[in-house]
*Asks:* 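Right, I'll just put the structure down here and ask away after.
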2 protein chains.
Amino acid sequence: MRTTVHDVASAAGVSVSTVSRALTGGRVSPATRETVLRAAERLGYRPNRAAQGLITGRTGNLGLIVPDLRNPFFADVAKGVTARARSVDHGVFISDTDEDVAAELEAVASLGRNTDGLLLCSPRAGDAELLEVADPAATVLVHRRVPGMLSVVADIADGTRQAIGHLRALGHRRVAFVAGPEDSWAGRQRLAGLAGDDTEIVRVGPVAPSFQGGVLAGDLVLAGPATAVLAYNDLVAVGLLHRLAARGVAVPERMSVVGYDDISLALMSHPPLTTVTVPKERAGVAALELLLRRIGGAGGPGRPEAAPREAGITLPTSLVVRASTGVAPS
Amino acid sequence: MRTTVHDVASAAGVSVSTVSRALTGGRVSPATRETVLRAAERLGYRPNRAAQGLITGRTGNLGLIVPDLRNPFFADVAKGVTARARSVDHGVFISDTDEDVAAELEAVASLGRNTDGLLLCSPRAGDAELLEVADPAATVLVHRRVPGMLSVVADIADGTRQAIGHLRALGHRRVAFVAGPEDSWAGRQRLAGLAGDDTEIVRVGPVAPSFQGGVLAGDLVLAGPATAVLAYNDLVAVGLLHRLAARGVAVPERMSVVGYDDISLALMSHPPLTTVTVPKERAGVAALELLLRRIGGAGGPGRPEAAPREAGITLPTSLVVRASTGVAPS
DNA sequence: ACCGTTTGCGGATACGTTTGCAACGTCCCG
DNA sequence: CGGGACGTTGCAAACGTATCCGCAAACGGT
């Protein structure tokens, strides 16, 4: 049988309420607090989170919902989240939705009940669906912006600008853009960075945000006039690289390739991938802190923010140039 | 305010106990059950897990502890686990220990209190430490065997045997073996497959089980006489491949490379990697089912197994031959 | 020495749910 | 036609913890 506060109370010769106060930092005399702590230690007492949660209304748990754990981007975010969560003694539920909107909404609904707050990582659902099922007061979005909800995003449009600038400097005038899942928010941001530029953009796709999607995109890109390509993310870029290699197209001599995210794979590809890097773990950490502050967790001294006028945080991106981009063929 | 069973009860015109029975499958007449379910649906009722857990003693949550989420091997296992867990309506805490033994033990201790059971994925801690802190009755090991605990492992020794057979058939007589973290169980299994073979084995390492570890191993291997190398896992193998390419060593003409795990990266490497494939998601699913059966979850009709004489499950492995292995140089 | 204030502590209550127990009908069989 | 069995339902007691409230004692100031 597990030891409860009652056991500790009788062992220390005090009442249960005194034990509770001694443990949670209420008003107790130093002497009795010492006695209680010693008894608790000796009995190996650990509070029952369920019972605590029942009365305080908070579980000490958070939920993280991602489209695909296999995608290193989300693995990195998850790593940042879990590390930071451990340091503030919170548990993290992780739910992998397999890029499925219905599964995602279901996860939000079911996880939302049993946690203090939710972290939604580039959710696939529409704005309206999201607002309907998620509590804006206890949710932070990552890599997506929805009016009325807090979010942590990277300045992807700027990343695109840098990438295009880089390609133009290398002489490219026609650039293919491989789109990801159906006009996702992140996808639109990528495109937003192209506005006002006179580079000719050839849209390709959409394709799945995976290696296979990239392979598929390879042939589509080659069918067009582009001399360079912006892929939806690094996975797609690497798939593309493979298809180009298989068809004997030299990179970067005949075709330059740029990805997004800078996952570790970008460094391992052949050739190493030029990509728009975004701070993934940092995004996870920032989102968690934002959430804790929002729900009045262990974040700061103040209580839950009554009027969160801020829309969230925007992290910087930057282009890291490797070997997959070069001067345009003449 | 959240809707509780009381709300449902008054909405359906019955008592709370009837609501509870209707929802948990107790003895209720079909008519009232229908009424209750409809009311619950209409109000969007979700039971409070904390309250449920308080009385039933089970939380409906499980813990999954992995050394590194960034490693696709663990991401795959996690995917299998979370998918299956959702289908039986269980939550999954995931904790990333960063390959750190102390963090791992801490995670086991703290997660162990708030969950019904734990899944330990290739834990780095020693047998004794593990047995001290984990409850054998509510823990399943993945990719590791410890006497007295249930586990799901792959027949890695057999995989090694297949790999060595493959290399011998190609004419290799001296094979380097790149070891991973300090004599890990999985590492010893890899070596176990070599017993009784007259192939000369050159031990290298240990190195970190990562891309960088592989880069490091590359030079070590080249300093020896081996014409082929068995890398601790695919990440190491790919790092090795890169280092070999950087030093102008042709693969597989001058050196053959074999990995373990068959993560998706193996297909994307250059050249595509010959590797020992292990069923990762299946391992996660199997481990979860074993755990549920053990703790009497939603697995089967029987109650918790009183005398678990079985040590666990062994899954088959097989060698998948790609382009990183070839005939030995003369 | 007296009174107002603070401090330390125990008792009781509440959180939302499951479940044992008892009461109520209804049906069947003797 | 009466009595026992059974299926269905409500009442109340738990589960382990935090916290409100009340009481006694200690304390400080006049």
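Please read all numbers here as calculations on a predicted model, not as lab measurements. Throughout, protein chains are lettered first and strands after them, A, B, ... in sequence-line order, and every chain is numbered starting at 1.
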*Asks:* Spell out, as yes or no, whether a donor-acceptor pair under 3.5 Å connects the side chain of A:Ser20 to the backbone of A:Val16.
*Replies:* no

*Asks:* On a plain distance test, is the side chain of B:Arg21 in donor-acceptor contact with the base of D:dG10 below 3.5 Å?
*Replies:* yes

*Asks:* Got a salt bridge between A:Arg70 and B:Glu281, using NZ or NE/NH1/NH2 to carboxylate O under 4.0 Å?
*Replies:* yes

*Asks:* Provide, to the nearest angstrom, the distance between the CG atom belonging to B:Leu23 and the P atom belonging to C:dT18.
*Replies:* 7 Å

*Asks:* For A:Ser17, report the nucleic acid contact type (base, sugar-phosphate, nothing); a contact means any heavy atom under 4.0 Å.
*Replies:* base

*Asks:* Residues from residues 26-39 of chain A sitting under 4.0 Å of DNA chain C, heavy atoms only?
*Replies:*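 A:Arg27, A:Val28, A:Ser29, A:Thr32, in order of number.
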
*Asks:* Is a side-chain N or O of A:Arg144 found less than 3.5 angstrom from the main chain of A:Pro123, in a donor-acceptor match?
*Replies:*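 The answer is yes, because a donor-acceptor pair under 3.5 Å joins these two groups.
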
*Asks:* Looking across every strand, which nucleic acid part, if any, lies under 4.0 Å from A:Thr4 by heavy atom: base, sugar-phosphate, or nothing?
*Replies:* sugar-phosphate

*Asks:* Does the base of D:dG10 carry an N or O that pairs as donor and acceptor with the side chain of B:Thr18 under 3.5 Å?
*Replies:* no

*Asks:* Kindly say whether, by distance alone, the side chain of B:Ser15 makes a donor-acceptor pair under 3.5 Å with the base of D:dC11?
*Replies:* no

*Asks:* Could you give the NE2-to-C1' distance, from A:His6 to D:dT17, as a whole number of Å?
*Replies:* 9 Å

*Asks:* Does A:Asp100 reach the main-chain N or O of A:Thr97 with its side chain, forming a donor-acceptor pair under 3.5 Å?
*Replies:* no

*Asks:* Do A:Arg58 side-chain atoms and A:Ile295 backbone N/O form a donor-acceptor pair below 3.5 Å?
*Replies:* yes

*Asks:* Calculate the interatomic distance between A:Leu54 atom CG and D:dA14 atom P; express it in whole Å.
*Replies:*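 Result: 17 Å.
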
*Asks:* Please report the distance, rounded to the nearest Å, between CZ in A:Arg49 and C1' in D:dT17.
*Replies:* 13 Å

*Asks:* Using whole Å, report how far CZ of A:Arg46 lies from P of D:dG16.
*Replies:*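 From A:Arg46 CZ to D:dG16 P: 18 Å.
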
*Asks:* Can you tell me how far P of D:dC15 sits from CG of A:Asp7, to the nearest Å?
*Replies:*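 A:Asp7 atom CG is separated from D:dC15 atom P by 11 Å.
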
*Asks:* Under 4.0 Å, counting only non-hydrogen atoms across every strand here, what does A:Val16 touch: a base, just sugar-phosphate, or nothing?
*Replies:* nothing

*Asks:* Can you tell which of D:dA18, C:dT17, C:dG16 lies closest to the side chain of A:Thr56?
*Replies:*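 Closest nucleotide to the A:Thr56 side chain: D:dA18.
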
*Asks:* Rounding to an integer number of Å, can you tell me how far A:Ile55 CD1 sits from D:dC20 C1'?
*Replies:*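 In whole Å, D:dC20 C1' and A:Ile55 CD1 are 10 Å from each other.
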
*Asks:* Any salt bridge between B:Arg38 and B:Glu34, counting N to O under 4.0 Å?
*Replies:*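 A salt bridge is present here (some side-chain N lies under 4.0 Å from a carboxylate O).
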
*Asks:* Just checking A:Ser20: base, sugar-phosphate only, or nothing, at a heavy-atom cut-off of under 4.0 Å?
*Replies:*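 Contact class for A:Ser20: base.
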
*Asks:* Send over the distance from B:Gln52 CD to D:dC15 C1', rounded to a whole Å.
*Replies:* 13 Å

*Asks:* Do the ring planes of B:Phe73 and B:His143 sit parallel (below 30°), tilted (30 to 60°) or perpendicular (above 60°)?
*Replies:*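 Aromatic pair B:Phe73/B:His143 classed tilted.
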
*Asks:* Does a donor on one side chain sit under 3.5 Å from an acceptor on the other, for B:Thr32 and B:Arg21?
*Replies:*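 On atom types as modelled, these side chains do not qualify, holding no pair under 3.5 Å.
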
*Asks:* What side chain to side chain donor-acceptor pair (under 3.5 Å) pairs are there with at least one residue in residues 101-121 of chain B, not counting sequence neighbours?
*Replies:*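 Of all non-adjacent pairs touching residues 101-121 of chain B, those that pass side chain to side chain donor-acceptor pair (under 3.5 Å) are B:Thr59-B:Asp116.
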
*Asks:* Looking at DNA chain C, which of residues 107-115 of chain A put a heavy atom within less than 4.0 Å of it?
*Replies:* none

*Asks:* Between A:Asp98 and B:Lys79, does any side-chain N to carboxylate O distance fall below 4.0 Å?
*Replies:*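 Result for this pair is yes, salt bridge flagged.
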
